[in-house]
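As structure tokens, the structure follows; a few thoughts come after it.
Because only heavy atoms are used, hydrogens play no part in the values below, and waters and symmetry mates are left out as well, while side chains stay in.
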Amino acid sequence: MQMRQTSSLKSRLFHGLMFGVAVIARLWRAVRQKLKLMFFYQRGKIIHLFKENTQPIAYRPKVLVGIAHIVSPEEACDRQRGAAKIERFRKALDGLFDSFSHCDLEILVQTLPGRSIIHFLPQYQQQRIHVEDQQTCDSYYVPYSVQDKLIARRSESFDWFLYIEDDIVIHDSSFLEKIIRFNQHCPDPRGILYPNRYEMYEGTKRYIDLTIGETIAWDRLSTFEIDGLKYAECENPHAALYCLSAEQLNQWAQSSRDWQHKDFMVGPLECAATFSLLEYFIIYKPHPQNMYYLEVEHYDTKYSQLCPALNSPYTVSSVRGVLSPGK
């Protein structure tokens, strides 16, 4: 009997002790949560106490952008017929305003009379571009005219010269900084960096310049690294844009430029944007190991539909699944 009473007393004491511990633990959680909130509410005051009166860097690089823009006469006269071209050009301009918002931009658009949809663009875009009508230029060679205009203005106080097609969208505020870093560390004094170009088609990202042929070779001998990122030459360096420093453009202008205004590879558009530069420069792209490091979007899907390349390593998707062969 006495043993039962002793056991019952020990049980009550144990349960009472555990209850007390549980109460203390619950109180401590409540106090700790309250303290966290109190410290959180003081965060702004502490930051203000030790504030640094920093401002955005005052220096703003000056960038001259050249764009060749040609549509059919029917698209230029009819908003509905030109809807796709209007949307592409609008996106391309917004990409420039976004990605180069820390720069001073001057955007020069060259076109032909009656061959433009600029009058259909939003007013804020029309106000921020300079339009020149080429009266006598062949429509296929307007891109070369843009190239000539950039070179003609090389003596002005621009830091950078960007050539870009009117359906290329840049989504990268560090685009220029990446070009600068490449130029600073490239072992070849004539090396320039091009982005990889992609299309988004049915939720899949296709690096179209790397899938347009069955195999695209990368030059192992030209490969080098900067801070763990690899760059190399490849068979198809086209990206529909180039970005040159004032010094690079000046050096190019002083070369022979025997390949200017010539159609010798794919077409005049591709030659003006890429292949004519190979007369003087060596074009690098981000290596497949980090091909997404510098990239631009071709705001279209025509190459993806022509060359689906479902099994290509340059066709990637964030969603795992099976794509049907007909897609």
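A search for side-chain contact (heavy atoms from CB on, under 4.5 Å) contacts involving Ile192 returns Tyr194, Leu244, Gln248, Leu277, Phe281, Ile283, not counting sequence neighbours. A search for side-chain hydrogen bond (donor to acceptor under 3.5 Å, both in side chains) contacts involving Ser116 returns nothing, not counting sequence neighbours. Taking the side-chain hydrogen bond (donor to acceptor under 3.5 Å, both in side chains) definition, one finds that Glu165 meets it with nothing, sequence neighbours left out. With sequence neighbours excluded, the residues forming a side-chain contact (heavy atoms from CB on, under 4.5 Å) with Asp188 are Cys186, Arg190, Ile282, Tyr284, listed by chain and number. Checked against side-chain contact (heavy atoms from CB on, under 4.5 Å), His185 has the following partners two or more places apart in sequence or in another chain: Arg181, Ile226.
Glu87 pairs in a salt bridge (Lys or Arg N to Asp or Glu O under 4.0 Å) with only one of the listed residues (Lys85, Lys91, Arg90), which is Arg90.
Centroid-to-centroid, the aromatic rings of Tyr141 and His261 stay 6.0 Å apart or farther. Aromatic rings from Tyr303 and His298 are positioned such that their centres are separated by under 6.0 Å.
Under the 30°/60° scheme for interplanar angles, the aromatic rings of Tyr231 and Tyr293 are found to stand perpendicular. Classified by interplanar angle (parallel below 30°, tilted 30° to 60°, perpendicular above 60°), the ring pair Phe161/Phe158 is perpendicular.
For Glu297 and Arg88, the salt-bridge test fails: no basic side-chain N is under 4.0 Å from an acidic carboxylate O. A salt bridge links Glu132 with Lys149: the closest approach of a Lys/Arg side-chain nitrogen to an acidic carboxylate oxygen falls below 4.0 angstrom. Salt-bridge formation is not detected for the pair Lys178/Glu295: no Lys NZ or Arg NE/NH1/NH2 atom is positioned less than 4.0 Å from an Asp or Glu carboxylate oxygen. Between Asp159 and Lys62 there is no salt bridge, since none of the side-chain N atoms of the basic residue sits less than 4.0 Å from a carboxylate O of the acidic one.
For the pair Met265 and Thr274, the minimum side-chain heavy-atom distance is 4.5 Å or more.
Connectivity analysis of hydrophobic side chains (ILVMFWY, heavy atoms under 4.5 Å, direct or indirect) links Ile46 to Leu49, Phe50.
For Glu75 and Ser72, the side-chain atoms include at least one donor-acceptor pair closer than 3.5 Å. In the model, Glu279 has a side-chain atom that pairs as donor or acceptor with a side-chain atom of Ser256 under 3.5 Å. A donor-acceptor contact closer than 3.5 angstrom links the side chains of Ser145 and Gln110. Looking only at atom types and distance, the side chain of Asp209 has no donor-acceptor partner in the side chain of His238 under 3.5 Å away. Side-chain N/O atoms of Thr301 and Gln305 include a donor and acceptor closer than 3.5 Å.
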- Decide side-chain hydrogen bond (donor to acceptor under 3.5 Å, both in side chains) for Asp94 and Tyr124; before the verdict, give the C-alpha distance in whole Å, the side-chain angles of both, and the deciding distance to 0.1 Å. CA-CA 10 Å; Asp94 276 348; Tyr124 75 89; 2.7 Å; yes

- Check step by step if side chain to side chain contact (heavy atoms under 4.5 Å, CB included) holds for Gln125 and Phe97. CA-CA 9 Å; Gln125 291 189 338; Phe97 298 150; 3.8 Å; yes

- Test Glu247 against Arg154 for salt bridge (Lys or Arg N to Asp or Glu O under 4.0 Å), laying out the working first. CA-CA 9 Å; Glu247 181 181 2; Arg154 69 185 187 279; over 6 Å; no

